[in-house]
Every structure is written in structure tokens, then in C-alpha cells.
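Letters go in sequence order (proteins before strands), and every chain restarts at 1.
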Protein chains: 2
Amino acid sequence: MARRSDHTREQIFDMAMAAAERIVETEGYRALTARSVAHAIGYSPGTLYNLFANLDEIVLHLNGRTLDRLYDRLVVAPYVGRPEADLLRLLDDYLAFLEDHPHLWQVLFDYKWPKDRPRPLWYDQKVARVLGLIERSLTPLFPRQDEHRLADVARILWAALHGICSLADMGRLDVVSARPARDMAGDLVRLLLAGLVAEPAAVPR
Amino acid sequence: MARRSDHTREQIFDMAMAAAERIVETEGYRALTARSVAHAIGYSPGTLYNLFANLDEIVLHLNGRTLDRLYDRLVVAPYVGRPEADLLRLLDDYLAFLEDHPHLWQVLFDYKWPKDRPRPLWYDQKVARVLGLIERSLTPLFPRQDEHRLADVARILWAALHGICSLADMGRLDVVSARPARDMAGDLVRLLLAGLVAEPAAVPR
DNA sequence: AACTATAATTGAACATCGTTCAAAAAAGCC
DNA sequence: GGCTTTTTTGAACGATGTTCAATTATAGTT
């Protein structure tokens, strides 16, 4: 057919993103198809390919929005300056987000960006912003000049927590009697902090 | 066409598994399709559905084999009874396995078994067997009657390590300057052990 | 106002996927 | 040899992501 002046490029982009989000949240990741998004916004599949190179890019932008939502949720908690309290608070909010938007979270971490193409900078920046909250909580434990070590520990903690949430989500933690992921994650935080305080040289660098 | 007496049911099963393994290892997970497996063993796609309910089941059995391979690799290392040494040794062998069979490892952890249907018992037992190696390494740190806590810590450690390997595999750990996953995982083990020793009550239960 | 050039939109088409199932044929049995 | 049983097939179905010639509304020009 032809050009329609119903919406601008940006409007269609936003509509597509909103539709993708709604589809994932309500019907799960598998329901997110080029055709389903196109149908939801009243355009044809081909139109999407004027705005996105492919479905991967739609998911990438969706995950970007999810990271923003997550950050917004995590940043409201007051920073009290006590690592254990701050981290457990972060953990609580993180798990709450995970419960509120399980499907969005799944796409965020399960979706594999093709290895050959590099992630765009703006995406890594959104990740770094969330990571920064963990770093801030850990700051009191490190001398000022140890930013590198601080960043490393933050990433270790982040990855470790992700592992617990990920395996719990897949139902793989309940091999033989299970404890809630919440408890395990809390234990992990406490253990790591205890380890940090007890043996500061455990992370040499 | 018709029945061929070329192979028994079991033989076809084994051939299919071997083919699936070869395909995943050489061409990656995406190349594992019903048609590719069928073609590799010289049968038609339909034949596979006499042996497996669906592709999920093929992947499940493939993962079972991978767990066996992993266990065989991890179990050969001598158990010396010093948790840090034993765990770091396990970690080393685990990472070596991961480097040798990256695609098999990806399928093992990325593949989502449908949530509605329960995993078969034999599969969980294979997982528990690997987990048992971590438990054994941790044993000296816990009094005899604390098996539950031992099991919990082992699962925490396992999940945390998985998180690091998983994010590293996806290239998501290198947000801002990166360290090798190997180093981060080693740090995690040391930190957790230090935390365990320093604060045994950190995991109340 | 008419005409042209530009750009957006379409939807059929292609190759692929998992899965099904009526038909076909080989093996076992009497 | 004929009959039954069981295995195997491959075409068929409904999906998927992606492409692209064709179509048509808009913008610009005369």
C-alpha cells in the first residue's frame, strides 16, 4: 500500500516497544514475534523492519527499557551507608521487581545477543548504572584508591546473585530439598560480606 | 516406506544422541533440529518421534550425557580434604570442561525445560551427583549434624559460580573493564570460604 | 492545480522450524 | 503364501524471521 501519516517514525517505534512489553508481560517471551507486534500496533510485519534491523533489536530495546525500570525501582531506596543493610535492601527490591515482572526479567537475562556484533554503548551504560548501585553500597568497605577492586567485587556479587535467581527461575535449585531463592541470595550476600571483612586480601588484583 | 532391520530401537536411540552431541559441539545449539539429527543418522524426521516425544526430550537426554561427562571429569581429581584446595581444583576442572565443550555447556544451562512438566528423577540425580562433589569439598567446614546447611552452602556456591560463567559466556561481565571469569570465580570461592570461616552463623537455617 | 519524485507501507513469497499422520512396506507368524 | 503387526516414511500443516517488488500517500516543483 502506501505511506500513512497516522504516526511519525518515533510514534511507531514507541508503539512497537509498548506492544512488545505488553506481549512479553502477559503472554511470555515465546509470544513475542514480528507478526504479533505488528498486529498489535496495526501495521504489517514489514513496517517493523523499517525501524528495527531485526527482532533482536526489538528485544534489545525492550531490555533497555527493563533496565531503566529496574534502576528506577532500585534507586528510590535511601542509601544508609551500611553495606549489609544497603545490599540486603537492594536485594529485596530486586527480588520484588523480579516477582512483579517475571517475564521481562527472563528476557533480560535469557536473551542472547549475537556474539559477533557488539552491544551498543547505550545498553552497556544502562547495565553499568544498575551495577553502580551495588558499587555504591560496597564503597564503605574499600579504601578510596581501590576502585578497581570495588568494581570487581560488585560484579562478582551481581553475577553470583544472578546465578541464584536464574537457577531458581528455571526450577533447578530444588534438586533435593529446596530453600527459597530469597534466603539463599541473602545468605550469599552475608557470606560474601563476612569474607570481605575477614580477608581483605582475598581479592588481590 | 517401512520397517528396516538395520538397527534396533536402542541403536537408533544411541545414534541419535551421538549425532545430536556432534551437531551441537561442531555447529552449535541452533543447528540442532529434528531434521538435522534425522539426516545425520540416515532416518527420516518422523522416526525420531517414535523414540522421543519431542525435541525437548532429545535435549534432555543430551544434557544428561553432558552431566555424566562433566562428573567423570570432575571426579578424577583426588580429594585432599582441604576445602579451598579442593574447591579451586574443582573450579579449574569445571572451567576446563567448559572450554573444551562450550556448546554442550551452553545447552546444559540455557535450555529451558518446560515448567509445567516435572524433570525426570534420573536427571535430577545426575545433577545431584555433581553437586555432591562440591558438598564433599565443603564437608570439613561443617559439624557432622549440619548436613542441611552444608547442602545449602553447596547450592549457593554452585549457583553463584554458574552466574559468573553464564554472564561471562554471554559477554556480559565486561561492562566497563573486565577481568577473566576464571579470576572472578576464584575470588568468589575464596571470599565465600573466608566468610564461612569468619562467620559460621551467617547461614542460620 | 497538475505532475513528479520521494518515501513509507504492504503482503505475498522464501526458507526454515517442530510436529502429525495416513499410507507404505518390511518383518514376524501361522 | 497370506495375514497381522510394527516401523518408517515424507508430504502436509501451521508457525517462524526476513526480504522485496509493487503500491500508494505525501512533499516538492512547476
Side-chain angles (χ1 to χ4, degrees), chain A residues 1-17 19-20 23-24 26-63 103 106-107 110-117, chain B residues 1-17 19-20 23-24 26-63 103 106-107 110-117:
Chain A
M1 299 267 178
R3 166 147 73 181
R4 295 157 35 176
S5 60
D6 302 359
H7 308 97
T8 68
R9 243 182 119 79
E10 284 79 19
Q11 281 176 323
I12 299 183
F13 184 99
D14 291 340
M15 289 162 59
M17 292 311 306
I23 290 169
V24 168
T26 61
E27 306 171 53
Y29 166 50
R30 326 193 76 160
L32 183 72
T33 69
R35 284 174 175 85
S36 73
V37 174
H39 177 262
I41 65 174
Y43 281 79
S44 75
T47 298
L48 288 179
Y49 286 82
N50 289 337
L51 305 173
F52 306 93
N54 45 40
L55 251 196
D56 284 352
E57 246 184 31
I58 295 186
V59 177
L60 184 76
H61 281 95
L62 176 63
N63 285 344
H103 291 141
Q106 277 170 18
V107 179
D110 290 349
Y111 196 77
K112 295 213 152 192
W113 185 250
K115 270 188 176 172
D116 42 11
R117 241 165 308 182
Chain B
M1 297 267 174
R3 165 148 73 184
R4 294 156 37 175
S5 62
D6 301 359
H7 308 96
T8 70
R9 243 181 119 80
E10 285 78 21
Q11 279 176 323
I12 299 183
F13 184 98
D14 291 340
M15 289 162 59
M17 293 310 306
I23 290 170
V24 168
T26 60
E27 306 171 54
Y29 166 50
R30 324 192 78 160
L32 183 72
T33 69
R35 286 174 174 84
S36 73
V37 173
H39 177 262
I41 64 174
Y43 281 79
S44 75
T47 297
L48 288 178
Y49 285 82
N50 289 335
L51 304 174
F52 306 93
N54 46 41
L55 250 196
D56 284 353
E57 247 184 28
I58 294 186
V59 177
L60 184 76
H61 282 95
L62 176 62
N63 284 344
H103 290 141
Q106 277 171 17
V107 179
D110 290 348
Y111 196 78
K112 296 212 152 194
W113 185 248
K115 270 189 179 175
D116 42 11
R117 242 164 311 186

Is it the case that the side chain of A/N54 and the backbone of A/E57 share a donor-acceptor pair, with hydrogens and angles ignored and the cut-off at 3.5 Å? yes
The criterion is side-chain contact (heavy atoms from CB on, under 4.5 Å); which residues satisfy it with A/A38, sequence neighbours excluded? A/P45, A/L48
Give the rounded distance in Å between these two atoms: CG of B/L55 and P of C/dT19. 5 Å
The side-chain contact (heavy atoms from CB on, under 4.5 Å) partners of A/S36 (sequence neighbours excluded) come to A/I23, A/T33
Quick check on DNA chain D: between A/R30 and A/A53, whose nearest nucleotide comes earlier from the 5' end? A/R30
From CD of B/Q11 over to C1' of D/dT7, roughly how many Å is that when rounded to an integer? 15 Å
Nearest whole Å is fine: how far is D/dG17 C1' from A/E57 CD? 14 Å
Whole Å only: how far is the CG atom of A/L51 from the C1' atom of D/dT18? 15 Å
Between D/dT9, D/dT18, C/dT9, which nucleotide gets closest to the side-chain atoms of B/Y43? D/dT9
Could you tell me the separation between the CG atom of A/L48 and the P atom of D/dT18, rounded to a whole number of Å? 11 Å
The criterion is salt bridge (Lys or Arg N to Asp or Glu O under 4.0 Å); which residues satisfy it with B/D110, sequence neighbours excluded? A/K112
Can you name the closest pair of heavy atoms from B/I58 and B/A20 and give their distance? CG2-CB, 4.1 Å
Heavy atoms from C-beta onward define the side chain here; which of C/dT20, C/dT9, D/dT8 lies closest to that of B/Y49? C/dT20
Report the residues that fulfil ring pair (Phe, Tyr, Trp, His ring centres under 6.0 Å) with A/Y49, sequence neighbours left out, ordered by chain and then residue number. none
If I take atom CD in residue A/E27 and atom P in nucleotide D/dT16, what distance separates them, rounded to the nearest angstrom? 11 Å
May I have the distance from A/R9 (atom CZ) to D/dA25 (atom C1'), rounded to whole angstrom? 17 Å
Rounded to the nearest Å, what distance is computed from the CZ atom of residue A/F52 to the P atom of nucleotide C/dT9? 13 Å
Taking only heavy atoms on the protein side, list every residue of residues 32-40 of chain B lying under 4.0 Å from any atom of DNA chain C, sorted numerically. B/L32, B/T33, B/A34, B/R35
Return the 5'-most residue of the pair B/T47, A/P45 with respect to DNA chain D, ranking by each residue's nearest nucleotide. B/T47
In chain order, what residues pass the side-chain contact (heavy atoms from CB on, under 4.5 Å) check against A/H103, with sequence neighbours excluded? A/V24, A/Q106
